*Asks:* 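Pasting a structure here, questions to come.
Owing to the predicted nature of the structure, the values given are computational and were not obtained by experimental measurement.
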There are 2 protein chains.
Amino acid sequence: MPEYTPPTRDMNFVLHELLDITATGIPGYDDLDRETTAAILEEGGKVAAEVMQPLNAVGDREGCTLENGAVRTPPGFRAAFDQLRAGGWTGIDCDVAHGGQGMPHIIGTALGEFFAAANMSLNMYHGLTHGAYSAIRAHGTEAQKALWLPRMAACEWTGTMNLTEPQAGTDLGLMRTRAEPQPDGTYRITGTKIFISAGDHDLAENIVHLVLAKIPGGADGAKGISLFIVPKVLVTEDGALGARNAVTVGAIERKMGIHGNATCVMNFDGATGYLLGQEHKGLRAMFTMMNEARLGVGLQGLAQAEAAYQNAAIYARERLQGRAVTGAENPDGPADPIIVHPDVRRVLMQARSFIEGARALTLWAAELIDRAERQGDAQAEALVSLLIPVIKGVQTDRGFDTAVQAQQIFGGHGYIEDHGMSQFARDARIAMIYEGANGIQALDLVGRKLPSKGGKALVAFLEQIKVFGKDNAGDADLKAGFLDPLTAASQDLQSAAAYFMREGFKAPNNALAGAHDFMHLFGHVALGLMWAKMAVVARAALAEGRGDAAFYQAKLATGRFYMARQLPETATLRARIETGAEVVMALAPEEF
Amino acid sequence: MPEYTPPTRDMNFVLHELLDITATGIPGYDDLDRETTAAILEEGGKVAAEVMQPLNAVGDREGCTLENGAVRTPPGFRAAFDQLRAGGWTGIDCDVAHGGQGMPHIIGTALGEFFAAANMSLNMYHGLTHGAYSAIRAHGTEAQKALWLPRMAACEWTGTMNLTEPQAGTDLGLMRTRAEPQPDGTYRITGTKIFISAGDHDLAENIVHLVLAKIPGGADGAKGISLFIVPKVLVTEDGALGARNAVTVGAIERKMGIHGNATCVMNFDGATGYLLGQEHKGLRAMFTMMNEARLGVGLQGLAQAEAAYQNAAIYARERLQGRAVTGAENPDGPADPIIVHPDVRRVLMQARSFIEGARALTLWAAELIDRAERQGDAQAEALVSLLIPVIKGVQTDRGFDTAVQAQQIFGGHGYIEDHGMSQFARDARIAMIYEGANGIQALDLVGRKLPSKGGKALVAFLEQIKVFGKDNAGDADLKAGFLDPLTAASQDLQSAAAYFMREGFKAPNNALAGAHDFMHLFGHVALGLMWAKMAVVARAALAEGRGDAAFYQAKLATGRFYMARQLPETATLRARIETGAEVVMALAPEEF
């Protein structure tokens, strides 16, 4: 059975040594000293490793069942969710006013990695509630906030997001669900929604569905969509549970993974709904939370990669097969552990160098979100909006790939479900799809974020790399191993962006045909920047003789691997982008 | 539910226009005129599409069950297998002397793609039988051949390969299964084997297990291993079924995919076995069939990619979401089909350009095997031995990736099992692992095949590219679109090989750390060569006004995509290889 050890040491490195969070001046960050975060991460890590992780395989094997219209979660999920609630983990980054702990987003993100690595399906019940919480917090009336938020911060009631319909996925303008206004100010919601994660379950007394629907008479397409609060069980003004609302589960889906989370077809048959925010502004209200939600999915990619990597490393140290080509390293045993083989080491280094870079990038983005929210910093907002599609797309693509490669280390045993490596790959797969499929992330990046305000955010990002390079140019070792590759990669990024500006202007397909490659090119540069920054910190620590030298040396070695063997892929990506759309669009649709 | 249309047009293109098989002079090929192969492919394609494919999802959903020590295959498998037998498809490339049709390997390979695309799990029962058939044919006594082969050619009895044990996977020298000689010349086989595909089932009256075991007193390690025929049911000399042998199924595995094929733990408790070939030469006997078996697995990667691609293309043409950025292409509909989006087109072109190149490469390799076997051509033998690890490793890695990308086209629907796209990915995953995990293929390529006879086979392969380039240098369009990229890629290959010779000599890890990248670099060059050759054929056909111009134009467009957007990856692979082992091996095993 798989194991999981929360990477608290590395998390603290990123928070305090790389980001130096207490020095940022962001409101709420001054409380986050080393002792405080160490205690939070240690306790949260225990919950992840001891309460959630042992149920991960159970959830996969047993799945959710639909009986008499109600979903039953896998054995043990209810008790574990009770422990999450009792420990206050569900509200850690919710407002104190709603009974939360008031911690900034960066702490919720750090803990979120542990929870998502330990048990992605179970953690989704909480994650979706947090998304719905944020939407009501941003757009609800005072009365709505008072009624719903305290219960949702505590996960006494959970939340869902109801967007997709059979004919309306990415294109929400095609939505058919109707909301008819009633004389009492409520709405009657009628329609069918699909792919509703945590749509029903037995973990909480009530479920607060956020539902997109059209009020008759509104504009066509996405402009006519409004957002509604539609509870599973109707509640009185003081929150007492009343009658069942006209919301039913039509079916639960048989899926490739995340079996522990019920993916429901939801039927709304004249269900009572309450308008959230303004009429016809539903999409905007739903997407206010987009940065947070997409960062959360990028985090899942990273988290599944970490869990898979840990088990691959353990297996590679323990599994005895063959001998090192350079001579036996375990001469008294029947064979050497497979970790002696360079190709196994390559896979582990790829995994590790991706994961540690992605962890830094994710927490940096969480810091930028906090900075934007808590300080109204428009530059931080613009930068994180640029980074979010990159983080979501790249970390889920590469997170899945890492899980697959970790599975490969196990050989045939990786294909057998009992070892748990298949589950990491199958669970990680969904993160490439939901919350905007990765092709949509690439489109968002190239079609919207990149050209926004004349490309100002990218210019600022590239400028940051240049300044960083200049500030550290005096260190020759750093320059050779980190700064020079980073400069080369960022020139590829700049060149590709310039190509889009030039050729996309003439024909937009020239930009769109390269969008996916550009997203990955950007991801490499962002991860390369994280590695260069981590290298500076590690070299300083070693020079000053601070702390655990082995940790910093391993950090540098891992970074060097990334810079030498992963980052140079930017050249190919750039070359591919600059071939434009012609070869991509050469065949007519009917020729495929 | 997924559909499948056998790509007979493209298969005939490769056989007759690219390879021009009737002109090769290989014994048996002169019968393979266009009419003959068209009829075979059409009939075989019907069996694949109408008999096997409809059971693919059934097999995945229902799986195999173990009841009272016997495996039951999914509903319908037995009837379909009966049709395969009745149609003579199982023995199509078996000897006429054993009741087969005597067709060369290239025909078995062409049909094998259809069968593996339609239903990989069901086809494995036949595929493994064919492997065991070939081993007995190569190493059996006349009496053994007479007894076993006719029944196996007809799949009246099926076959298995029993290599792996819990502690002995890649490292077969660690094997513990014993074979004790008996006075009557038989052996008593005792031990446990795992991961035995088709180890038990209800499709045939008997199962002929080929089992590797150690005769006491033999050498340690791989040199002490012998190969045995161990039938499930003992048979008399004239083939009548007798008592059950002491072979039992310990368990069947719960796996990520290929649920329709039972993966068994086999227990041999003093089972009666018959020596196949010489004592202590078992590994060599088993691996005689390696080229054929590994080509078959590479074919599975291609086949699953083709099946997934076909369904992604259909979905992309039918699914209406969003509008083309260049203006509505389906103005009367609610939205445009998603195939209008360049990023969707990119995925389809990647899939298609890989698949068509891989089909050509696979059939060329099958031709080389026929040439080696039927004409004793040592050069063909050397070249195909070099190509086989590339085909197995690259086509299964990229076949899986293609299936995953095809699944992505479906968005959330791709993650739902009912659409069948998950199955393609899950089934394709095993091909990266079995018959030598892809890391082992890379090792075989770089550690054994490449240095063999001073690198003669690679030199010959590169020379072939050079000659081809010179012969076609007069065609400027061809040169720009195909020959120049191919030359650049083959220079990367040559440079990487030279790096291995130079630096691997100093420290073998410098070669092994780049083995996986080298395998993919080689794969690109091999596929690039196929595309350049196909382009020559297509351009000639267009120039001469032969046949269906649209087919040849699509072929050229698909090839241009490969050359412009896939092949340039060789530069990154080469750069990565030439960084050597230092950054790969920098961390100690305990630091992971």
*Asks:* Of the backbone (N, CA, C, O) and the side chain (C-beta and beyond), which part of B:Phe400 lies under 4.5 Å from a heavy atom of chain A, both, or neither?
*Replies:*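 For B:Phe400, side-chain heavy atoms alone lie under 4.5 Å from chain A.
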
*Asks:* Need one label for B:Ala437: side chain, backbone, both or neither, based on atoms under 4.5 Å from any heavy atom in chain A.
*Replies:*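 Both the backbone and the side chain of B:Ala437 come within 4.5 Å of chain A.
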
*Asks:* With chain B as the partner, which of A:Arg319, A:Arg560, A:His341 has the greatest number of non-hydrogen pairs under 4.5 Å?
*Replies:*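 Of the options given, most contacts go to A:Arg319.
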
*Asks:* Check the surroundings of atom CZ in A:Arg448: do more than 12 heavy atoms from other residues, nucleotides or ligands lie under 6.0 Å from it?
*Replies:*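 No, the 6.0 Å shell around CZ holds no more than 12 heavy atoms from other groups.
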
*Asks:* Taking side chain as everything from C-beta outward and backbone as N, CA, C, O, which of these in B:Phe410 sits under 4.5 Å from a heavy atom of chain A? Side chain, backbone, both or neither.
*Replies:*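 B:Phe410 has no heavy atom closer than 4.5 Å to chain A.
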
*Asks:* Could you check whether B:Arg429 makes a cation-pi contact with A:Tyr415, meaning its NZ or CZ is under 6.0 Å from the centre of the six-membered ring and within 45° of the ring axis?
*Replies:*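 Not flagged: B:Arg429 not positioned over aromatic ring of A:Tyr415.
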
*Asks:* Could you tell me which portion of B:Asp517 (side chain, backbone, both or neither) has an atom closer than 4.5 angstrom to a non-hydrogen atom of chain A?
*Replies:*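 Answer is side chain: those atoms of B:Asp517 sit under 4.5 Å from chain A.
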
*Asks:* Quick check: do A:Leu512 and B:Asp343 have side-chain heavy atoms less than 4.5 Å from each other?
*Replies:*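 No, every pair of side-chain atoms sits at 4.5 Å or beyond.
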
*Asks:* Given a strict heavy-atom distance threshold of 4.5 Å, which part of B:Phe195 is in contact with chain A: side chain, backbone, both, or neither?
*Replies:*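 Contact with chain A: side chain only.
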
*Asks:* Taking side chain as everything from C-beta outward and backbone as N, CA, C, O, which of these in B:Thr570 sits under 4.5 Å from a heavy atom of chain A? Side chain, backbone, both or neither.
*Replies:*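 The answer is neither part of B:Thr570.
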
*Asks:* Given heavy-atom pairs under 4.5 angstrom as the criterion, report whether the side chain, backbone, both or neither of B:Leu174 touches chain A.
*Replies:*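 Just the side chain, heavy atoms under 4.5 Å.
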
*Asks:* What part of B:Pro337 gets within 4.5 angstrom of chain A, counting heavy atoms only: side chain, backbone, both, or neither?
*Replies:*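 Contact with chain A involves no heavy atom of B:Pro337 at all.
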
*Asks:* Can you name the closest pair of heavy atoms from A:Arg317 and B:Glu590 and give their distance?
*Replies:*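 Looking at all heavy atoms of both residues, the shortest contact is CD-CA, 4.2 Å.
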
*Asks:* Let me know if B:Leu320 has heavy atoms under 4.5 Å from chain A in its side chain, its backbone, both or neither.
*Replies:*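 Only the backbone of B:Leu320 comes within 4.5 Å of chain A.
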
